[in-house]
Structures are given as structure tokens and as C-alpha cells.
Amino acid sequence: MENITNLINRIGLPRLAAMAVVAALMLGFFGFLVMRASTPTLAPLYTGLSLEDSSAIVTELQTLNVPFELRGEGDTILVPRDQITTLRMNLAGSGLPTKGQVGYEIFDQQGTLGATSFVQNINNVRALEGELARTIGSLARIKTTRVHLVLPERQLFSRTTKEPSASIVVGVRGELSAGEIRAIQHLVASAIEGMSPNRVSIVDDAGTLLASGTEDGATGALSGEAAEKTLGYETRVRTRVEDMLTNVVGAGRARVEVTAEIDFNRSTVTSESFDPESQVVRSTQTSESENLANGTDGQVSVANELPGASGTPAAAGATEKGTSSQEVVNYEISKKTETAVTEAGNIKRLSVAVVVDGVYTTDAAGAPVYTPRTADEIAQLLTLVRSAVGYSEARGDSVEVVNMQFADRPQVAGDGTDAASGLLDFTRDDIMNGAQMAVTLLIALALVFFVMRPLLKKALASEKIEPLALPSGAELGQGMLTAGGQLVAIEHADDEPRDKTPAWVANAKSMGEAQLNTLRTVGTLVEENPKQAALIVRGWLSNAA
């Protein structure tokens, strides 16, 4: 204990504290590196899970002895990144995750022996609901899905049947478009026999009605489809014009708004015309007749009708003879029949508004100066925009190009930079790498300031050797005497002949002899008093430390 105490006293408390801090930092740094090297990199296996699916997946992972970590409220499970694909395949073979829905596997889990028709029908409905929910949930914009089906049974001896219907609750990312809503309706209607898409109602997780699911919804669907087509056409025209203007006036220097009136009425017109100038003989009918008459004025008697009687009566008068002919000519007149079908989607009217920023220059002081564009430039831009949108004066289109100064001057990014990305857009990997670099830098600085700096300072410090203190008046040698620790030469009063050696050589010789005698005296003192000598040496070490 005495040796330990003396060692602590010689080293000093500040140096011990610095050494302890450096040792702790080094141990922590190497421990962190070992843990990072031994701990596998985790990545999400599944996200947005229900509690039932999380419990089942955790049980399966524990059975497979796979390390995992739960995040959030248990809806996210992280596993080693290199095992994600294998684990997903194994869990899919076990029917996980089910997302809270039961599909056709319900018939594999239950036996049909002894099951009533009511139970079978209920299981069939549950299986259909689960399979539809899984199919809808596979869409990119859908997070969660709940499906409820109403499949009415046909009553005996009944001629009327009720149509099936469906109710769907979806959790979406962002907002579903009209096309995506109709796609879900047709998907469900095609999977259920006898169901119409208009009988499928859809509600999102915020309680917003996306599809009413009534027969009257057909009109709304058509109007929604028309609005979607109009918006799509306006977006295409605006994008085309903005891309063209970007190459002319620069990025962000032009704004375009397009309003289109589209006729969605579909009409069929059939016309039939005749040309009287163009006629062709179709048929001709001719008939001729001859008439004979005598003086009896056509009287007929019994004698005239008897067999063998003469055809001319005895008292016949004058005979008359006549001929007549008749001709009927039928003509075919040329006929032209035309049927014109006008499809929906014709542009009735188009309005385009374009606002263009001016030109910015820099004055002598470096401040931006705004300069409006000339009338010739505006006229050229107007011509380009009219050509791009298909301007038609007969249709009543309107295209306006106006030069106005924007409220915010567009900032043009330099070469090699991305203006859309932010300076502080860090990912989780970037933060972890930054933390590791910060810890490494901190430990390196601690080693430099608390270990290397004291060692270098001690190594570069000059050692000062002080002579041992001897009693005042002690004679060290011939002609030398101590006086308060200083060497003093003794002058002899006799008249002995002196050496003619130079004074500085004699002085150096005397000092050498004095140092030798001093070392001998110190050695004798150490031999006679070893304990006191050891204490003196320890004191010197403590002062030097």
C-alpha cells in the first residue's frame, strides 16, 4: 500500500484522471467497434403490420432462431438484411402475413365433415372477403383494406333476384384518382358473379366517400371520367408548352395555365339524298288491245249462241274495228345515304394563358436589374404557343402571352448541383456514419491531447542538474572552498613558486577535482544513510513529475 501511495503521489491526480479518461474512451471506442462488427445490419422485414400478424411473425422468428427487433408500436419488424428474402419466402409458405384477413386457407384448416350449409356459406363469404382484401392491398397506393360482401340467396319459387353488393374501406397513401377507384370497383365486380361495378361502395380511412355504390352513381362516374380526361388533356398541353418555353426563356421563367372545353356527347347522323338529274330506265311494260263491233249494237240472241250457227246474224248491220296500246316505263333515280358518327372528346374551345418573366442583368454594384421583354419577343412567343396548342380561330380559341415580373426571382442552380435536393436531407445511414466518424475523431483528439502531448512535452523538456548542497566552508580540494554552495578559490599568502599554466586551465582543473571530490562525498553519505538518500531521491522525482 505504501508503494502504491508513493506511486500515486509521484504521478499526480491530474495525470491519473487524464489516463483514466483516455482508457475509458479507448475501451468504449473499441467496444463500439466490436459491437458494430458483431451486430448484423437490420432492415425492415414488414411494416404496417397488425398486432395479430406481428405476434404470429415473432413466434415464427423465435422458432427459426432469427434475431429480430420491433419498432414503433409493434407494426415494424427488423431482421438481418441478408436473411430478408429467405424469411419472406418461409413466412409466405406459412401464410404470413395475413393482414387480418382469412383467405381460402380457411377450408384447409377446418374439416367439411359435419359442417352445415350455413357454416359453409359463411366460410365462403369470409374466404372471398379475405382474398379480395389481399388483392386490393397489393396495389401500390393501398395500405390497409377491409371488404364486406352481401351475397343474397335466391328464394325458392321467386322470379326476382337481388343483386350482390360490396363495401370496401381502404387506407391510402395520398389520394386515389378516379381511375384507381373505378379499377377497384371493376376488380371486385368481376370477382363476384352477378355484381355490377355500380354496386361497390368505397370509403377511405378518413371517412371520405369515394364511390357511393348506387345505381345513380353511374352518372357520377361518367362525370368523374369526363373531368379526369379534361384534366389529363390540360396537363399534357401545359407540360408541352412549359417544356418548350423552358428552352427559350429559361427554367422557372414561364407559367402556363390551360382551360379546355371538351364535348363528351356522342352523336350519329344518317342522311339520304336523291339526284333528279341522274336517272336510269329500270323497266318498261307495253300492252296492246283490238276491239270489233257490228250493227246489232252488240245484241246477242239464242240463235247466235247455238252450235253451228253463223257468226254473222242475218240481219247484221255495219261492222266496227278498233286497236289500242299502252306502255309503262319505270325510271331509277340515284340515291346517296351517309351515316356520320361523332365520337366524344372533341375540343369545343381552348384557352391558354402564359405569363413570362423578364430579363435580369447585373449593374456595376452587383445588384440585379429587371428588364422587360420587347414586343417582338412576346409576338414570337405567342406564335410558338399557338402552334404548340393547335390554335383554331374558327373554334374560338384564346391564347394570351403577357410579360410580367415575378415576385421571386428564379434561382438557377450551378453546374453539377441539384436544386431540388436540400442541404440537410440526411438518411439514417448518413447519421450513423457521421456518429461513427465523430466518435473516432473524439477519441483521436483525446489520445493526442492527453497522451501524446504530455509525452512529447516531457521528452522535449530540458533537464536541469543542480549540484548537491554541501555544508558551508567544506574544503573540496586544493585551493577550493565552498561558500554558500559556490566554489571559491583560496589565495595562498606564501611565496611559493606558482605554475605558469594559464589561469583558465587551472580553474577548469580545479573545478574537475572539486566535482570528483563532491561525487565521492555524496557516495559516502549515501552508503552511510541509505534511507535518507532514498527519501531525497523520491522527493526529487515527485518535484520533477
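For the numbers below, each heavy atom of this structure counts, side chains included, while hydrogens, waters and symmetry mates do not.
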Contacts of S283 meeting side-chain hydrogen bond (donor to acceptor under 3.5 Å, both in side chains) (sequence neighbours excluded), chain-then-number -> N330
Using the test side-chain contact (heavy atoms from CB on, under 4.5 Å), find all partners of T342 that sit at least two apart in sequence or belong to another chain. S267, N346
What residues form a side-chain hydrogen bond (donor to acceptor under 3.5 Å, both in side chains) with D275, not counting sequence neighbours? none
All pairs passing salt bridge (charged side-chain N to carboxylate O under 4.0 Å, His left out) where residues 165-180 contributes a residue, at least two apart: R141-E180
Do any pairs count as a salt bridge (charged side-chain N to carboxylate O under 4.0 Å, His left out) and have a residue in residues 373-397, sequence neighbours left out, and if so which ones? R373-E377, R395-D397
Identify, with sequence neighbours excluded, every residue that meets salt bridge (charged side-chain N to carboxylate O under 4.0 Å, His left out) alongside E272. K335
Who passes salt bridge (charged side-chain N to carboxylate O under 4.0 Å, His left out) against E332, sequence neighbours left out? R282
Under the side-chain hydrogen bond (donor to acceptor under 3.5 Å, both in side chains) test, which residues partner N121, sequence neighbours left out? E153
Residue set satisfying salt bridge (charged side-chain N to carboxylate O under 4.0 Å, His left out) with E60, at least two apart, ordered chain then number -> none
Please name all residues satisfying salt bridge (charged side-chain N to carboxylate O under 4.0 Å, His left out) with E343, sequence neighbours left out, ordered by chain then number. R266
Can you name the residues that form a ring-ring contact (aromatic ring centres under 6.0 Å, His included) with Y391, not counting sequence neighbours? none
Under the side-chain hydrogen bond (donor to acceptor under 3.5 Å, both in side chains) test, residues paired with T144 that sit two or more places apart: none
